[in-house]
2 protein chains.
Amino acid sequence: MTDLTTALRHTLDGRWAAVRDQIRGEFDPERFAPPSQELTMEEYRERVAKQVQLIAESGHPARGFPKSLGGNGDLGGSVTAFEMLGHADLSVMVKAGVHWGLFGGAVANLGTQRHHAAYLPSIIDGTLPGCFAMTETGHGSDVQSLGTTATYDPATDELVVHTQTPAARKDYIGNAARDGRMAAVFAQLVSRGESHGVHCVLVPIRDEAGSALPGVTIGDCGAKAGLGGVDNGRLTFDHVRVPRTNLLNRYGDLDETGVYTSPIENPTRRFFTMLGTLVRGRVSVAGAAGAATRTALTLAVTYAGHRRQFAPPGGAEEVLLLDYRAHQRKLLPALARTYALQLAQNQLVSLMHDVQSADAVDEHAQRELEARAAGIKAVSTSHATATIQTCREACGGAGYLAVNRLPMLKADTDVFTTFEGDNTVLLQLVAKGLLTDYRDEFGSLDTLGMVRFGARQFAGAVIERTAARGLIQRLIDAAPGRDSESGPRDRGWQLELFEDREKHLLETLAMRLRKAADPESDAFTVFNDAQDHVLSTARAHVDRVVLEAFVSAVDECTDAGAKAVLDQVCDLYALSTIETEKGWYLEHGRITPARSKQVTAAVNDLCAALRPRAQELVDAFGIPESWLGTELLEEPARAFAQG
Amino acid sequence: MTDLTTALRHTLDGRWAAVRDQIRGEFDPERFAPPSQELTMEEYRERVAKQVQLIAESGHPARGFPKSLGGNGDLGGSVTAFEMLGHADLSVMVKAGVHWGLFGGAVANLGTQRHHAAYLPSIIDGTLPGCFAMTETGHGSDVQSLGTTATYDPATDELVVHTQTPAARKDYIGNAARDGRMAAVFAQLVSRGESHGVHCVLVPIRDEAGSALPGVTIGDCGAKAGLGGVDNGRLTFDHVRVPRTNLLNRYGDLDETGVYTSPIENPTRRFFTMLGTLVRGRVSVAGAAGAATRTALTLAVTYAGHRRQFAPPGGAEEVLLLDYRAHQRKLLPALARTYALQLAQNQLVSLMHDVQSADAVDEHAQRELEARAAGIKAVSTSHATATIQTCREACGGAGYLAVNRLPMLKADTDVFTTFEGDNTVLLQLVAKGLLTDYRDEFGSLDTLGMVRFGARQFAGAVIERTAARGLIQRLIDAAPGRDSESGPRDRGWQLELFEDREKHLLETLAMRLRKAADPESDAFTVFNDAQDHVLSTARAHVDRVVLEAFVSAVDECTDAGAKAVLDQVCDLYALSTIETEKGWYLEHGRITPARSKQVTAAVNDLCAALRPRAQELVDAFGIPESWLGTELLEEPARAFAQG
């Protein structure tokens, strides 16, 4: 490991570096790497179930629960540990995430003392495998419209959980097809003939012997694109009775006469407060997507630094793939964005840790956290899908072989763009947060509501900086004017361009959506016509937040050599993003054609400048070599040494 | 089937419509669809091997061989039949393509009478399963540098085939791991101590019982991202002896004293003439990529036309996914491009049929065909990868389930972008053809040679129209000037914009590359600095060729209703392409910012206008419903009717 690698890793590892190092050291890759031989679906599920049990024994899951509930109260460390698992078999990461993060998180955050005492010990030690039964066949993104009901029967003091229609069947539920013994079921809570909206009820689904309980029908989603070790299944409830006290009643309760009470009066706000518990799942998925992306880039960059093809004119030795500009263009801007997203992810984890560990609930901060998690999740998972695909192609036929891991990385992470919140819906959520300034209505997945609530109240875009506020203001203040001779690598100019884009998109979006208030116009049509504008606004916002995280991390780096390299990587992230959006910048007169060409030239120059550092840049990810263990890293060197 | 669907299908089916209809009718989807249950790798290979045998019995493979060699002499029909197989299990399509197209094609095109008589009957009837052993571990794109040797031993009148280094091992060879009995091995031909470059030699690899023959070591590439039914393997030769007459000697021969003769004096030209036989494989891969893309779009568009999510403000019924602009934007421009590519593919197949069925060899036409095949293959396979991915995401969790076919379509076609010629290398080939005007050196995969040969001789870009020349000239002549009020849907304006971009890129590329002639400059550096420019030029060329094919097909459509719809689809292809490239057009002053915004507005309008036709547009692909047979098409309708 070079000094540069060590220093870069220090920056990338961030606040929970110790957790990362611990996991690097203690998780035996042989046990946690994807299976090296062909397994049937059942064998693979069996293997992953055992690995999840090993994780239970490792003690890491306790990190994620408050000390008062038997945990260690280290939320950030917990999410970081899950992120590191993303370098191993993603089936293990997802199955563990379903059990501890989603199911355990629902019990911890939506339940009260009686649930904590009864279930958390066996959740933490893994002896009560659980499911998070939210999504239905008919409703995924629109959770508010779920069709399952939980109806109170005062005669027996029970809740009757029932699947009202085929579309209300719980679907794609992890841990359901094989192992889950209890499910956190989201259902419309009905009492005294009145519906109180979606609440969560604990429903046992299997007995100790593993058989489905009476009234519960369990189906199997069967083979999937990836995540073959996760047993996704379907749950149908036929008037299944559970005690009233199985209602997770922190935000809404029934007494024995069926009278409903809640500490949150507004039903919409109550609903979104409950959904706020999803934030940890989204942060974890973003983290795992980042880990998988880093694994793929480590493989592809290392391969490209060894694999040769075609001799130059008159040259003797064939050219390394990574010396071709087209190959640099495929991998290095993606590498820069991967750095940027890891630094933004670290900041997000830190924010979540602080907001959720605080004694008092700061609602504005919680809403902002939810929006940030939604945005980073959407951008990180889309980046993972695109980058792992590029890495596969950059390794040619070798990248298509299962033994070289890229196919599985691609297939396993593919669902990340649409689960834990579909990316399109999540970006709409981000835009809504910007328009409503994170007021109560924020958090609604019903983005059409934005038309009515948000735009009407929008007073003008104010860019709230998310990191290193003073530094960023100084850089922008020092930025040269639009016509100056200063080059595109001026950081203040880049920051200003990112901000300007977000601000313009947000202000013009608000103007368009305000039309919906006009009783003459159809609110859906107004929203729908602007939908692409909504999504661009959200992406521009996330791009800016990510750049600020990067700028802040460069500033904090104390190693001069690493700082200089990080500065170049940050430039490459900023300029390749501007290049991607150059159509918009030119269309809106933000850059001149001459400047646009300078940006492209600067991206090329940065690729060439970083090329000699490429191996160190991926080594800095700190993925133990045995975790990467494939033929891909051994073969080119061996083959070409002798070829 | 509506009248519109019938008329659209007529246009899409093209010259070999009868073949398409025959295959639609006669191939039992139960037998040719991907397996519905989980299979081990061995079971899947077994199944596909049997299906390939059924295809042999169908008589279709004989189409692809000249009548003089025992075939039917219907090359276009043969390739169309393979394309239709692309709607079924792609493992079957690829394994059949390896055997009849590549192995059979090598024997037919590179061999002479003695090989035809000895092997073609058992190749056509499938009783001699064959491999096409070109790629090696160390060399894929750069075929000229293969390391396997075939050395003539006059003492025994034999060729000694030998794997000189580990990097010279034949790799990723389809049909090798399990079934192949003979391989067409590409090797450096050596005689009397002199190398004559790469030639093809027939080498038996397995005996009747299926055991590897002495000196042949057969390895297994194992599990892959997709194409699980294809037995890709590795071949290593340890001084394997075959009779001299096993050399496929059409373009180069040895006599019994080891003296080499060839009808083509220039060794480079000879090499590229032999490689010209690859064209059919590339055309077939482009066709299969198109078929898979159409299957995916049929699934995703149908799903989006039934699946609802979120009620509009004040609205009762939830909104269909396909009514959201963002969803239209995901699917409909991709659908338009899929139409465009199918029409260009039809034209390409027709060109290949005519060029290769002609009595006299037209070398210029053959070179142009090779370039066209390379370009369409690159663009169609990249489009398949991107579009199938989009379709998967557009179907959410349902799109991730194996039963719904999208995962397998994605995984199976993934390798198309890098096999049968890596797309980056193929696009370089296209640019080289444009620069050299398809002169002898064209065809070289050594694109660095372009620097030396091409640019030096480049006299100025002349756009050679590929279809409906008179019509296109008339449209361009009638196009309004740049400052006119005419909207972006003026076809002449679109055509001019496509041509202008290609011409400008080509001319400026030639200027840049000419610098390489300067002895002061390093030729590789000149080429490498321009590599992105090279790739853009090739893409611009293919975009234009595809647009011309579309314009020509619209012109030929005799059904007024279908013609009007095709006209809109063509506009959507043209304008969404311009929108994607708007950065370039704005940077180069080809469009104003105001016109750029009009283009975006027109794309939105076209999406809305075509939305009510979307189901008919995919139905027109004519994929029998039983070939699509998944839950995806039944479930949303069922679930929502009752939800």
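Here is the naming used below: chain letters follow the sequence lines, and residue numbers restart at 1 for every chain.
- Here the NZ atom belonging to B:Lys224 is positioned 13.0 Å from the CG atom belonging to A:Asn404, to the nearest 0.5 angstrom.
- A distance-only check finds a donor-acceptor pair linking the side chain of B:Tyr400 to the backbone of A:Gly226 [under 3.5 Å].
- Looking only at distances, no side-chain donor or acceptor of A:Glu38 sits under 3.5 Å from a matching main-chain atom of B:Thr40.
- Contact of A:Arg325 with chain B is made through backbone and side chain together, with heavy-atom distances under 4.5 Å.
- Only the side chain of A:Thr385 comes within contact range of chain B, with at least one heavy atom under 4.5 Å from a heavy atom of that chain.
- Proximity of a side-chain donor or acceptor of A:Arg392 to a complementary backbone N or O of B:Asp414 within less than 3.5 Å is detected.
- Residue A:Gln389 touches chain B through its side chain alone, counting heavy-atom pairs closer than 4.5 Å.
- For A:Asp529, the parts lying under 4.5 angstrom from a heavy atom of chain B are both the backbone and the side chain.
- In this structure, NE2 in B:His588 is found 10.5 Å from CG in A:Leu586, a value given to the nearest 0.5 Å.
- For the side chain to side chain contact (heavy atoms under 4.5 Å, CB included) test with A:Glu393, the passing option among B:Val415, B:Thr417, B:Thr424 is B:Thr417; the others fail.
- Of all the listed residues (A:Glu581, A:Met408, A:Lys410, A:Glu579), the one sharing the greatest number of non-hydrogen pairs under 4.5 Å with chain B is A:Lys410.
- With a threshold of 4.5 angstrom between heavy atoms, A:Leu401 approaches chain B through its backbone and through its side chain.
- A:Ser141 and B:Gln309 form no side-chain donor-acceptor contact under 3.5 Å, judged by distance and modelled atom types alone.
- Using a 4.5 Å cut-off between heavy atoms, A:Leu227 contacts chain B through both its backbone and its side chain.
- Only the backbone of B:Ala411 comes within contact range of chain A, with heavy atoms under 4.5 Å apart.
- Considering every non-hydrogen atom in both B:Ala326 and A:Asp532, the closest pair reads CA-OD1, 3.9 Å.
- Options B:Asn232, B:Leu535, B:Thr418 differ in how many heavy-atom pairs under 4.5 Å they form with chain A, and the most are formed by B:Thr418.
- Note that the NE2 atom of A:His139 and the CZ atom of B:Arg308 stand 10.5 Å from one another [nearest 0.5 Å].
- Taking all atoms of both residues into account, the shortest heavy-atom contact from A:Asp142 to B:Glu318 is OD2-OE2, 3.7 Å.
- Residue contact with chain B, scored on non-hydrogen atoms closer than 4.5 Å, involves the backbone and the side chain of A:Ala398 alike.
- Between the side chain of B:Gln531 and the backbone N or O of A:Tyr324, no donor-acceptor pair lies under 3.5 Å.
- The greatest number of non-hydrogen atom pairs below 4.5 Å with chain A, out of B:Ala530, B:Gly397, B:Ala168, is found for B:Gly397.
- Using a 4.5 Å cut-off between heavy atoms, A:Ser145 touches chain B through its side chain atoms alone.
- The two atoms that bring A:Phe524 and B:Asp323 nearest to each other are CZ-O, 4.3 Å, heavy atoms only.
- Ranked by heavy-atom pairs under 4.5 Å with chain A, the list B:Ala594, B:Gly222, B:Ala223 is led by B:Ala223.
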